[in-house]
There are 2 protein chains.
Amino acid sequence: MYVNIRNMKFSRSAIPCCPPLLAGKLTPEEAVQLAALFRVLSEPARLQMLSLIAAQSNQEVCACELVETLGLSQPTISHHLKVMYEAGLLGKERRGTWIYYRILQDRLVVLRDVLA
Amino acid sequence: MYVNIRNMKFSRSAIPCCPPLLAGKLTPEEAVQLAALFRVLSEPARLQMLSLIAAQSNQEVCACELVETLGLSQPTISHHLKVMYEAGLLGKERRGTWIYYRILQDRLVVLRDVLA
DNA sequence: TTCTTATATTGACATACATCGATATGCTTT
DNA sequence: AAAGCATATCGATGTATGTCAATATAAGAA
C-alpha cells in the first residue's frame with residue numbers, strides 16, 4: 001500500500017510516525033489543495049459530526065442520528081455531509097431507507113503529516 | 001512543560017506520538033476552538049507563509065521577505081500574519097525596523113493529535 | 001398506488017473574510 | 001527635526017458559505 005504526500009510516494013510502512021512535511025516549501029497548488037481540506041474541518045458542526053462517527057462502536061452512523069443529536073436542521077446536516085463526502089473525508093453506504101456514513105482516514109493522515 | 005488537550009493535561013514527554021483523540025466525543029466548545037484553528041490553516045496564502053518560515057534555516061522570516069515572495073499586497077500579508085499570531089501559531093520579535101516571525105509548535109501539535 | 005419516513009436539492013438570506021488602496025504608526029538615520 | 005523604510009490599521013468591496021424553509025427524490029410499508 002502506497003501513500004502520496006506532496007508528489008512523493010511512500011510505502012505505508014516506510015512513513016515514520018511524525019515526518020516534518022511542512023519543512024519543505026509548498027507549491028501554490030499544494031497550498032490550495034491542503035487549504036481546501038483544512039477549510040472542511042473549520043466548521044464546529046463538521047468536527048462534531050466526525051467525532052460522533054468516530055465514537056460509534058461500528059465506526060459509522062446514519063444521517064438521521066446526526067440530525068437528532070446536533071441542534072441543526074436536516075438540510076444543514078445533509079449539506080455538511082455532502083461537503084465532507086466530496087472532500088473525501090467520508091464514505092457513505094445506503095442500506096434500505098438509511099444512509100450510513102463512515103470516516104475515510106487517508107485525507108486525515110495527509111493533514112496530520114503536514115502538521116508534523 | 002505541559003500541554004492541554006481536550007481538558008486533560010499532559011506533560012510533554014507523556015504524549016504518545018499519535019494518540020487517537022478524535023475517537024472521543026468533542027464538546028461544542030472544543031469543536032469551536034478546534035474549528036477556529038483549522039480555519040486559520042484554511043487559506044493557501046497562510047499555509048505558504050508557514051511553509052516558507054519552516055524552510056528557513058533560522059526558522060524565522062521577516063515580514064518584508066514574505067511580501068516579496070508571495071504575490072500579495074503588504075496589508076494582506078500583514079493581515080495574515082496577525083491572524084496567525086493571534087491564533088497562537090506564530091511568535092514575533094522586533095529587531096530594529098524589521099519584525100521576525102517564527103512558528104510556534106504547540107497548536108500545530110494539538111491539531112495533529114486531533115487528527116490521529 | 002398511496003402513505004410515511006429518510007435524504008437531497010433549491011432558493012434566499014445573513015455573516016464572515018480575503019483583498020487592496022490609502023493612511024497611520026514606528027524605528028533608524030541624517 | 002525631517003526623511004525614508006517597515007509594519008499596522010482603516011474602509012470599502014466582492015466572494016464564499018452556513019443556515020433554514022420549502023420542495024423534491026428515494027425507499028419501504030400498507
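Nothing here was measured: the structure is a model prediction, and the numbers come from that model. Protein chains get the first letters and strands the later ones, always in sequence-line order, with residue 1 at the start of each.
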Quiz item: NA contact type, B/R39, heavy-atom cut-off 4.0 Å: base, sugar-phosphate, or nothing?
Solution: sugar-phosphate

Quiz item: Hey, where on DNA chain D does chain B first and last touch, going 5' to 3'? Cut-off is any atom under 4.0 Å from a heavy atom.
Solution: D/dA6 to D/dT9

Quiz item: How many angstroms lie between atom OG1 of A/T97 and atom CZ of A/R95, to the nearest 0.5 angstrom?
Solution: 12.5 Å

Exercise. May I ask you to verify if any side-chain N or O of B/K82 is less than 4.0 angstrom from the OP1 or OP2 atom of C/dA18?
Key: no

Quiz item: Of all residues at least two apart in sequence or in a different chain, which pass the side-chain contact (heavy atoms from CB on, under 4.5 Å) check with B/R94?
Solution: B/I99

Quiz prompt | Reported CH2-to-CD distance for the pair B/W98 and B/E65, which is rounded to 0.5 angstrom | solution = 12.0 Å

Practice problem: Give the rounded distance in Å between these two atoms: CG of B/L70 and P of C/dT19. | Solution: 10 Å

Quiz item: Atom NZ of B/K92 and atom P of C/dG26: how far apart are they, to the nearest Å?
Solution: 12 Å

Quiz item: What is the distance from CD1 of B/I77 to C1' of C/dG21, rounded to the nearest Å?
Solution: 16 Å

Quiz item: NA contact type, A/Y101, heavy-atom cut-off 4.0 Å: base, sugar-phosphate, or nothing?
Solution: sugar-phosphate

Self-check item: Length of the CG-P vector between A/L90 and C/dA8, whole Å
Solution: 11 Å

Quiz item: In Å, rounded to the nearest 0.5 Å, how long is the span from CD of A/Q48 to CG of A/L72?
Solution: 8.5 Å

Practice problem: Please tell me which of the listed nucleotides, C/dC20, C/dA6, C/dT19, lies nearest to the side chain of B/S73? | Solution: C/dC20

Exercise. Using heavy atoms to find the nearest nucleotide of DNA chain C for B/L72 and A/I99 separately, return the residue whose nucleotide is more 5′.
Key: A/I99

Exercise. Measure the distance from CD on B/E43 to P on C/dC17 and round it to the nearest whole Å.
Key: 10 Å

Quiz item: Reckon A/H79 has a side-chain N or O less than 4.0 Å from the OP1 or OP2 of C/dT7?
Solution: no

Quiz item: With a non-hydrogen cut-off below 4.0 angstrom, is A/R95 in contact with a base, only sugar-phosphate, or nothing?
Solution: nothing

Self-check item: Position toward the 5' end of DNA chain D (nearest nucleotide), B/E65 or A/T76
Solution: B/E65

Practice problem: Check the distance between C/dA18's P and B/M84's CE and give it to me in whole angstrom. | Solution: 11 Å

Quiz item: Between atom OH in A/Y100 and atom P in C/dT7, what is the gap in whole Å?
Solution: 8 Å

Practice problem: Measure up the B/Y101 and B/Y85 rings against each other and bin them: parallel (under 30°), tilted (30 to 60°), perpendicular (over 60°). | Solution: perpendicular

Exercise. Quick one: pull up OG in A/S42 and CG in A/L47 and give me the separation to the nearest 0.5 Å.
Key: 8.0 Å

Self-check item: Secondary structure string for DNA chain C (Watson-Crick or G-U under 3.5 angstrom, | for other-strand pairs)
Solution: ||||||||||||||||||||||||||||||

Quiz item: Between atom CG of B/L111 and atom CZ of A/F38, what is the distance when rounded to the nearest 0.5 Å?
Solution: 7.5 Å

Practice problem: Quickly work out the A/H80 NE2 to C/dT7 P distance and round it to whole Å. | Solution: 16 Å

Quiz item: Which of the following nucleotides, C/dC17, C/dT19, C/dT28, is nearest to the side chain of B/T97?
Solution: C/dT28

Self-check item: Donor-acceptor pair (no angle test) under 3.5 Å: A/Q74 side chain, C/dA6 base
Solution: no

Practice problem: Let me know which of A/L89, A/V40, A/L41, A/L90 forms a side chain to side chain contact (heavy atoms under 4.5 Å, CB included) with A/R107. | Solution: A/L89

Practice problem: Working to the nearest 0.5 Å, report the span between CG of A/L26 and CE of B/M49. | Solution: 13.0 Å

Quiz item: Between A/R102 and A/E93, is the closest basic N to carboxylate O distance under 4.0 Å?
Solution: no

